Amino acid sequence: MGKAVGDKRKRESEGRVLLSGNEAFARGAYEAGVVLASAYPGTPSSEILLNVAGYKEIIADWAANEKTAFEIGIGAAMAGARTMVSMKQPGVSVALDPLLNWSHTGTPGGFVLVACDDPGQHSSQTEDDTRTYAKLARVPCLDPSDSMEAKEFVGEALDLSEKFDTPVIVKSTTRVSHSKTVVDLYPRREYPIKGFERNPNKYVVVPGRAILRETEVIKRLATLKEYVETSPLNKVEWNSKEVGIITSGIAYYYAKRVIPEASFLKLGISFPLPEKMIKDFASKVKKLVVIEETRPFFEEEMKIMGMHDFIGMDYFRIQGELSPEVVREGLKKAGIGMKQSGPVASAAIDAPPRPPTMCAGCPHRGIFLAFKKINANVFSDIGCYTLAFAPPISALHTAICMGASIGNAVGVAKVGGSDKPIIAAIGDGTFVHSGMTPLYDAVYTQTNITVVILDNRITAMTGGQPAAESGFRANGSPTVTVDLDALVRGIGVKFVKHVDPYDIKGCIEGLKEAIAFEGPAVVLTNRPCVLMPKKIKGTSYVILEDKCTGCGICMTVGCPAVGMSDQAAKKSKKGEKARIIDTVLCTGCSVCAQLCPQDAIQLMEK
Amino acid sequence: MKETATNVLVVGVGGQGAVMATELTSEVALLAGYDVKKGEVHGMSQRGGVIASHVRFGKNITSPIIEKGEADYILAFEAVEALRAVDCLKPDGTIIINDQKIVPPIAHFLKIDYPDKIKEKLENGKRKVLIFNAFEKAVGLGSELLVNTLLLGVLSKQLKLPEKAWKEVLTIQFAKKMLDKNLKTFEAGRAMKF
């Protein structure tokens with residue numbers, strides 16, 4: 001089934017529809033007259049640009065990384081166009097340099113950054129909080145609770161941006177981005193593009209000028225602090241004054257679920273905070289509670305305001321996501337009575353775990369099995385292939401952050417710290433993101449490492465976004481394909497070898513040659529992702545029952561198509577040792593067949 | 001502004017179509033005039049991991065996620081996933097299970113057997129446990145691709161949402177040449193006796 005229902009409805013110019021937070025951010029960009037959208041994919045933010053690309057009024061593209069996405073956005077806003085940049089929260093770290101400077105210069109065109117936090121680390125390396133970046137950059141941060149607000153806050157952010165000459169952040173979380181809620185659609189408002197106007201005193205951040213901008217930023221923050229006291233985005237809902245809750249984002253709805261009888265101060269703007277409003281609210285309620293996700297940000301800000309008499313994060317959680325359950329338990333711990341008791345969990349029943357695996361036919365499988373055979377120390381990176389760290393493949397040993405693999409390998413090699421071959425394994429997307437510069441370091445210092453670029457020609461982990469190696473753009477239109485071979489040779493790599501990642505022996509030979517080469521060597525794999533942009537399905541392999549001894553070596557490839565089966569066990573003399581290949585899932589990559597010592601895995605006869 | 005909600009939890013294995021099932025259910029609830037919220041976590045789950053997708057509809061819906069012990073209905077696309085999700089079910093809730101076994105590849109290494117007697121494990125005297133092999137039945141109806149629509153037919157019979165709204169959503173969802181087959185499959189699901 002496709003996505004037809006939602007797609008059809010969200011293209012309508014007016015009406016009431018169900019949208020995810022990310023679809024709503026995209027719709028918000030459309031309605032608020034955004035002209036350019038730029039992003040780097042990352043869960044839970046990726047669907048924002050994917051959906052923006054469906055609006056023909058907006059120029060939408062994936063950038064090489066979050067920093068270039070942000071800088072392209074700056075350019076559009078310099079030309080006076082309304083602009084939206086989106087990324088996941090760890091991506092904001094990559095874009096921090098332009099964010100801090102763009103805050104200093106201010107922006108002629110409305111500029112909004114949508115940044116998505118991932119409390120609970122469903123898909124992220126860290127559990128950080130975008131509000132801390134907003135404070136660092138001294139820019140406003142809006143904090144929607146549902147999809148309607150997600151849509152409206154994009155427009156609000158652009159208005160604020162233009163009014164106060166500042167980039168504005170809209171912060172989301174996994175629950176806001178990925179939950180669908182009811183949204184009213186409005187037509188698009190158009191804003192003419194003003195065009196680039198020279199103003200070097202404002203936009204050239206040399207020290208003599210930048211210091212003047214610092215004064216402006218301090219003034220702006222003071223003005224913003226005044227503004228938030230009366231902004232309609234910060235709302236008080238008076239109910240019982242026994243308990244008053246200060247909250248924002250999805251936490252607002254969790255608290256409403258658990259204790260609807262309380263009074264609420266719902267902060268639509270989570271930086272800067274409305275000090276007078278908060279103190280006034282606090283003075284009118286008997287017990288004050290702060291419920292927030294992810295860091296104790298409001299709590300720390302309130303302590304700076306001299307407030308200490310409230311129930312804060314210690315009662316709720318110090319790690320992971322909030323939920324109605326966590327909020328309820330926290331309130332109980334704080335001795336706060338609630339009118340409704342929560343649901344009682346039914347008894348759990350044990351179920352075997354089901355961790356994610358590499359897909360059947362994934363081109364990363366064979367090359368990682370080759371790394372294992374040559375017993376290399378594998379410094380790796382962020383992508384689908386990071387799954388190779390887990391059993392049964394267990395063939396990579398580090399993954400620190402986007403693009404870290406090559407730099408890490410260079411460092412280990414420089415200190416002579418590895419008695420085994422050193423391999424940096426990085427996907428094509430991640431290589432373009434931030435792997436090119438450390439490869440330059442390897443060339444510059446002639447460090448003896450082997451860099452393997454796992455070129456599947458798509459950003460697969462986040463859902464198949466195109467990159468420079470894909471040959472098409474976010475809206476599907478064709479474009480040139482960047483030649484990675486020419487690129488690495490251009491950086492100065494003298495040894496470049498292409499291998500077929502489905503051919504384990506060929507991979508081992510190619511890797512051995514690269515390892516033997518003095519100086520940095522690059523090995524490129526040449527098979528596309530089997531899922532995206534189009535599904536690849538070859539003739540399936542089957543296991544010949546009379547040849548199979550049930551040794552289980554085929555299970556060590558960690559392929560979801562190769563397994564044990566109740567049905568096979570029932571039919572086979574070997575009972576529970578019987579193996580079977582799911583011919584619907586199997587793409588015919590042949591990796592398991594290459595490993596079978598009995599030659600029992602053969603192509604299915606047509 | 002009190003919340004009143006019907007909670008439907010759909011679970012399965014990445015790629016089976018659990019998310020699409022909640023997608024359609026929530027569109028039907030919206031069409032029927034309810035407030036609706038649908039929640040889930042994407043991320044790595046599409047790589048053969050566990051999928052849990054939540055729909056809550058009614059009046060003034062607050063949280064998009066169903067708490068443990070709060071689901072009125074669970075629709076499980078896979079048998080083990082029914083076991084994993086059952087702590088979310090109300091004591092007298094209904095659980096619909098596609099009795100199709102997808103053995104997690106990791107089970108081999110952990111030397112864990114795929115659980116048997118799923119129905120017996122789930123029955124507690126108060127629950128309604130509706131279990132059948134939707135995969136085999138869908139193949140019998142013409143295609144394994146019909147599993148989703150068949151299960152939605154079974155679910156729709158349990159939910160108090162108008163049949164007309166279901167058919168309207170299915171009509172928008174499916175291309176003309178596939179519609180007839182899907183409507184028939186949906187009817188077959190509604191007509192199933194347990």
Side-chain angles (χ1 to χ4, degrees), chain A residues 1-6 8-9 16-18 20 43-44 120 122-123 146 174-175 178-182 250 253-254 256-257 260 323-325 342-359 384 387 391-392 461 463 552 555 558-560 562-566 576 584, chain B residues 1-3 13-14 17 20 23-24 26-27 30 35-50 61-65 67-70 80-81 83-84 86-91 93 101 103-110 112 114-115 121-122 124 144 148 169 172-175:
Chain A
M1 288 196 219
K3 272 187 142 186
V5 177
K8 187 177 170 202
R9 298 239 174 98
R16 177 162 285 198
V17 296
L18 270 177
S20 71
T43 312
H122 299 285
S123 324
D146 59 20
T174 301
R175 291 292 168 191
H178 284 173
S179 297
K180 286 200 166 183
T181 71
V182 180
I250 194 71
Y253 279 117
Y254 294 159
K256 286 292 268 190
R257 167 87 184 86
S323 67
E325 210 174 340
V344 179
S346 292
I349 301 177
D350 266 352
R354 194 187 294 281
T357 54
M358 283 184 184
C359 304
C384 287
L387 289 169
M461 180 92 263
M555 300 291 292
C559 177
V562 185
M564 303 171 294
S565 149
D566 281 9
E576 62 178 20
V584 178
Chain B
M1 292 290 276
K2 195 173 177 291
E3 177 189 88
V13 179
M20 189 47 63
E23 199 90 0
L24 297 184
S26 47
E27 291 288 349
L30 180 73
D35 187 15
V36 189
K37 286 190 179 174
K38 169 181 171 291
E40 77 218 22
V41 174
H42 301 254
M44 299 182 79
S45 48
Q46 60 180 313
R47 305 282 177 266
V50 177
I61 301 299
T62 53
S63 162
I65 41 177
E67 293 183 68
K68 289 192 165 48
E70 202 185 30
V80 150
E81 296 314 314
L83 298 184
R84 200 189 311 284
V86 76
D87 57 348
C88 288
L89 195 62
K90 277 184 180 163
K101 295 181 169 123
V103 183
I106 197 83
H108 171 76
F109 293 93
L110 302 176
I112 300 174
Y114 191 96
K121 283 191 168 119
L122 288 170
N124 71 347
E144 66 206 46
N148 205 322
V169 166
I172 299 169
Q173 176 67 23
F174 291 104

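Letters A, B, ... mirror the listed sequences (proteins, then strands); counts begin at 1. Everything numeric here is computed off the predicted structure, so don't read it as measured data.
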Could you check which of A:P392, A:P324, A:G558, A:C559 has the highest count of heavy-atom pairs closer than 4.5 Å to chain B?
A:P324

Checking A:A347 against chain B: side chain, backbone, both or neither under 4.5 Å from a heavy atom?
backbone

Quick one, A:Y253 with B:I61, criterion side chain to side chain contact (heavy atoms under 4.5 Å, CB included). Give me CA distance, side-chain angles, the key distance, then yes/no.
CA-CA 9 Å; A:Y253 279 117; B:I61 301 299; over 6 Å; no

Would you name the heavy atoms of B:V103 and A:R354 that are closest together and state the gap between them?
C-NH1, 4.3 Å

Check each atom of A:V182 against the heavy atoms of chain B and say whether the ones under 4.5 Å are side chain, backbone, both or neither.
both

Taking the side chain as every heavy atom from C-beta outward, state whether B:I112 and A:P353 have any atom pair closer than 4.5 Å.
yes

Neighbour count above 12 (heavy atom, 6.0 Å) for B:K68 NZ
no

How many angstroms lie between atom NZ of A:K180 and atom CD of B:E40, to the nearest 0.5 angstrom?
8.5 Å

Donor-acceptor pair, side chain of B:R84 and main chain of A:P352, under 3.5 angstrom:
yes

If you compare all heavy atoms of B:S26 against all heavy atoms of A:L18, which two are closest, and at what distance to 0.1 Å?
O-CD1, 3.4 Å

What is the minimum heavy-atom distance between B:G39 and A:S179, and which atoms define it?
CA-OG, 3.8 Å

Mind checking the CD-CD spacing from B:E70 to A:E325? Nearest 0.5 Å is all I need.
9.5 Å

Testing the basics here: between B:I65 and A:S323, what is the closest heavy-atom pair and its distance to 0.1 Å?
CD1-CB, 4.4 Å

Between B:E3 and A:K256, does a side chain to side chain contact (heavy atoms under 4.5 Å, CB included) hold up when you go through it step by step?
CA-CA 9 Å; B:E3 177 189 88; A:K256 286 292 268 190; over 6 Å; no

Any idea which of A:T181, A:V344, A:I349, A:D146 has the most non-hydrogen atom pairs under 4.5 angstrom with chain B?
A:I349

